[in-house]
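One structure below.
Note that the structure is a prediction, hence the values are computed from the model and not measured. What you see below is based on every heavy atom in this structure, not just the backbone, and it leaves out hydrogens, waters and symmetry mates. In this chain, numbering begins with 1 at the start of the sequence shown.
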Amino acid sequence: MAKVWENLASDSNVATGLGLIFFYIFYRTVVFSYRRQKKDYEDRLKIERADDEKKRKMMELEREMEGIKGVDHDEEEGRKGEENPYMKMAMQFIKSGARVHKARNKKRPQYLDRGVNV
């Protein structure tokens, strides 16, 4: 039996045939998997483009519904804050670094208790 394997190993036709078989297996696994991955990637890009288009259309529709067609949403929000005096005060308070702290473990004032007339 060893003589048969030795003869097969030394035969150039067998080596060429095995080389072609292994090349075919390599080609099938590498090239076809590459093609499949490329198609998956292209499909993913199409889906992302469709999602972006859908989001863009929704934003345009929302802008039309708000009556601010053609104006950037962030700029509009900034203008609203500048026009509203309460918003200005809130922004100044936030920028000042002051904080509102809730008192803990203190008795409520008498006027907040139910049934007590002050």
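With values rounded to the nearest 0.5 angstrom, M65 atom CE is found 9.0 Å from M58 atom CE. To the nearest 0.5 Å, the span separating CG on L18 from CG on L8 amounts to 8.5 Å. If you take CD on E60 and CD on E62, they are separated by 11.0 Å, rounding to the nearest 0.5 Å.
The number of heavy atoms from other shown groups lying within 6.0 Å of CZ (F32) is above 12.
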List the atom pairs, donor and acceptor, that lie under 3.5 Å between side-chain atoms in residues 35-48 and the rest of the protein, sequence neighbours left out.
| unit_1 | atom_1 | unit_2 | atom_2 | d |
| --- | --- | --- | --- | --- |
| K39 | NZ | D43 | OD2 | 3.3 |

Using a 3.5 Å cut-off and no angle test, enumerate the donor-acceptor pairs between side-chain atoms of residues 21-28 and protein atoms at least two apart in sequence or in another chain.
none

